[in-house]
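Note: hydrogens, waters and symmetry copies are ignored here, and every other heavy atom, side chains too, is used. Note that the structure is a prediction, hence the values are computed from the model and not measured. Below, chains carry the letters A, B, ... as their sequence lines are ordered, and counting in each starts from 1.
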Amino acid sequence: MVPSRPWLHGFLDLCLLAMLGERSDYGYGLSQRLAASGVADVPGGTLYPALLRLEQQGLVEPRWASSESGPRRKYYDLTAAGRAALADQGADWRRFRDGIDALVSASVGASVEGERR
Amino acid sequence: MSPDDWPARFEAELLRLGQHPARARALADETAQQAVESGTGPDRLFGPAHLYARHLVSELNDVPPGPAGGGPPAPGRVLLRLRDVGKRYRRRVVLSGVDLTVRAGEVAAVVGANGCGKSTLLRICAGLTRPSSGAVERTHRVGLVPQDGGTADWLTAAEHFTLFGAAAGMAPRRARSAGEHLAARLAWRPAAGQPAQELSGGTRQKLNLVLGELGSPDLLLLDEPYQGFDEGTYLDFWRQVAAWRDAGRAVVVVTHLLHDLRDVDQVLDLGSRPGGRVAAVAR
Amino acid sequence: MTAVVVAGLTLREVTRRRAVMVLLIGMPLAFYLTRRDLPGQSTRMLTLGIGWAVATLTLFVVNAQRGVDPRLRLAGASVTALVGGRLLAMTAAGVGLAGGYWGLVAVLQDVRRPWAIGPLMLVSALVGVPFGSLVGALLPRELEGALALLTVVAVQMLANPEGLLAEVMPFWSARELGNYAIDATAVSDLWRALLHAGATWTLATGLTVALFARRLRVARYPEP
């Protein structure tokens with residue numbers, strides 16, 4: 001499932017920043033990690049523009065490095081601004097997630113209660 | 001659709017959309033390389049070249065909404081600013097007290113009856129005439145499309161491209177190729193060997209437009225550029241203005257016809273009498 | 001270099017104006033043919049005709065490119081590149097014209113110093129270029145400019161060669177050189193002529209550049 005555009009924009013940037021915070025990677029590698037994590041199978045036409053946008057905003061920095069299989073690849077690193085953005089967006093996300101969690105648990109609890117009655 | 005032309009078509013569409021030639025080349029190379037690292041052909045990975053080009057440009061211009069983004073997009077930087085600008089010839093006051101600020105991604109229309117100084121204002125913006133009073137600040141990268149006479153009668157379109165390209169520091173072949181791309185955007189294929197004076201009025205204006213844009217300026221100054229246009233070309237012209245705006249350029253159009261106001265961000269009305277203090281009104 | 005591109009395109013532009021080219025190149029020939037019986041006079045007329053033809057061609061070229069000049073300036077061209085390119089192109093054309101007619105005279109006429117005919121015509125052409133450019137800078141319309149050039153050439157032809165008026169005219173040097181080449185006068189004529197030609201050329205070129213620099217001034221506004 002690929003989430004709809006506005007959601008995906010915000011979440012995708014966060015995911016990319018988070019993955020790069022863990023270790024730097026190149027475009028295709030990020031795409032594979034994203035798929036493996038179960039978040040979404042993001043097509044190249046969505047992932048690469050997002051990476052370029054992050055680069056434009058100064059949150060990531062590219063560097064060229066040779067890979068094992070030969071051709072040089074463009075690896076991305078988080079910049080200081082990127083780390084700051086990751087921290088901010090991560091905090092936003094946790095707030096958001098916890099808030100929804102609370103609401104959903106409350107409603108599940110209520111319906112369970114309701115069923116029990 | 002062979003995978004080999006995909007990068008070329010991609011780059012061509014980027015140029016069409018107003019990207020700076022160096023940037024278009026860089027993006028095309030990068031995108032080709034991205035396809036290589038994914039192990040698929042670019043048209044399988046990204047879809048048709050021209051559609052992906054448009055998608056990429058609009059993505060790069062967007063500020064991401066959602067939990068992380070938010071707030072209105074930051075206004076582009078100021079590319080032209082007129083403060084209390086006036087112009088007089090001997091004792092005749094042509095302009096006075098004009099204030100105008102145009103930012104990247106904005107279109108400003110200058111309107112007013114004939115003779116109230118619209119063309120003079122544009123010449124002041126370009127720097128061909130100095131204002132008698134007031135201050136002007138302007139980016140260096142500017143293109144001018146005058147009302148008429150801005151071409152050399154005896155040179156062909158391609159030679160114009162070479163000439164204007166050379167003035168901007170471009171090599172002849174690149175200048176001609178850029179010129180042809182820009183012409184294609186206005187649905188025009190310049191015929192080889194046809195001097196400018198043999199072009200019809202509408203086509204001559206298209207040449208004018210292309211020459212104004214050839215050096216990839218950040219600010220475009222246009223003086224009633226669609227006299228002699230037919231309906232279709234007129235609409236193409238406003239689509240072109242919208243494309244420039246979306247690509248982050250600033251456009252100032254002197255006009256006495258105001259088209260669909262959607263595309264115009266502010267209107268400066270010089271009024272039916274010269275003189276009189278004016279400031280632009282946002283739409 | 002921008003000046004080279006301007007020069008190349010200027011030459012192309014000029015060669016496209018077939019009728020003008022034919023008339024202007026043919027005019028010196030007409031001058032020559034009318035007095036063909038007098039070798040000295042005909043060569044002198046021819047030389048004057050060359051100078052006039054080159055000046056008029058340069059005038060037309062300068063005026064034809066007036067419309068694009070401000071835009072080229074805005075695009076980043078310097079005044080020297082624009083003016084210099086045109087002068088370069090027309091000088092090349094003048095050299096070609098002079099060379100052609102030198103060949104003609106050398107074959108058909110019998111003069112005292114045939115080797116000097118070449119430089120004679122060359123000087124006339126070289127002086128013609130900045131002079132035509134200057135007239136073009138001063139008189140923006142082709143008709144007025146052409147009439148002015150015609151007047152100058154007529155005065156040059158008709159004025160008493162010893163008088164002050166003739167000396168002040170731009171093509172006086174060609175006349176003096178003509179004396180040297182055709183009538184084999186003293187060497188001092190040669191040096192005086194070259195000096196006059198050099199001075200005229202420098203003055204005309206300098207004034208042209210100054211005029212265009214003033215007219216094509218682009219205000220340097222600060223970035224916002």
Trainee: For the pair A:Trp64 and B:Gln33, evaluate side chain to side chain contact (heavy atoms under 4.5 Å, CB included) and give the outcome as yes or no after the intermediate values.
Mentor: CA-CA 12 Å; A:Trp64 288 93; B:Gln33 199 261 348; 3.7 Å; yes
Trainee: To the nearest 0.5 Å, how far apart are CG in B:Leu45 and CG in A:Leu47?
Mentor: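 If I round to the nearest 0.5 Å, the distance is 9.5 Å.
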Trainee: Is the number of heavy atoms from other residues, nucleotides or ligands within 6.0 Å of CZ (B:Arg25) greater than 12?
Mentor: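 Counting neighbours around CZ of B:Arg25, 12 or fewer heavy atoms of other residues, nucleotides or ligands fall under 6.0 Å, so no.
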Trainee: Heavy-atom count check: over 12 atoms from other residues, nucleotides or ligands less than 6.0 Å from B:Arg44 CZ?
Mentor: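 No, CZ of B:Arg44 has 12 or fewer neighbouring heavy atoms, counting only those of other groups under 6.0 Å.
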Trainee: Evaluate the side-chain proximity of B:Leu56 to A:Tyr48: yes if any heavy-atom separation is below 4.5 Å, no if none is.
Mentor: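 Of all side-chain heavy-atom pairs linking B:Leu56 with A:Tyr48, none is under 4.5 Å.
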Trainee: What part of B:Gln34 is in contact with chain A, defined as an atom under 4.5 angstrom from a non-hydrogen atom: side chain, backbone, both or neither?
Mentor: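 Both parts, backbone and side chain.
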Trainee: With sequence neighbours excluded, give me every salt bridge (charged side-chain N to carboxylate O under 4.0 Å, His left out) pair touching residues 99-110 of chain A.
Mentor: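 Output for this query is empty, none listed.
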Trainee: CZ of B:Arg173: more than 12 outside heavy atoms within 6.0 angstrom?
Mentor: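 No, CZ of B:Arg173 has 12 or fewer neighbouring heavy atoms, counting only those of other groups under 6.0 Å.
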Trainee: Determine whether a donor-acceptor pair (N or O, by modelled atom type, separation under 3.5 Å) exists between the side chain of B:Glu37 and the backbone of A:Gly27.
Mentor: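 Here the side-chain-to-backbone pair exists.
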Trainee: How would you list, by chain and number, every residue that makes a salt bridge (Lys or Arg N to Asp or Glu O under 4.0 Å) with A:Glu61, sequence neighbours excluded?
Mentor: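 Applying salt bridge (Lys or Arg N to Asp or Glu O under 4.0 Å) to A:Glu61 gives none.
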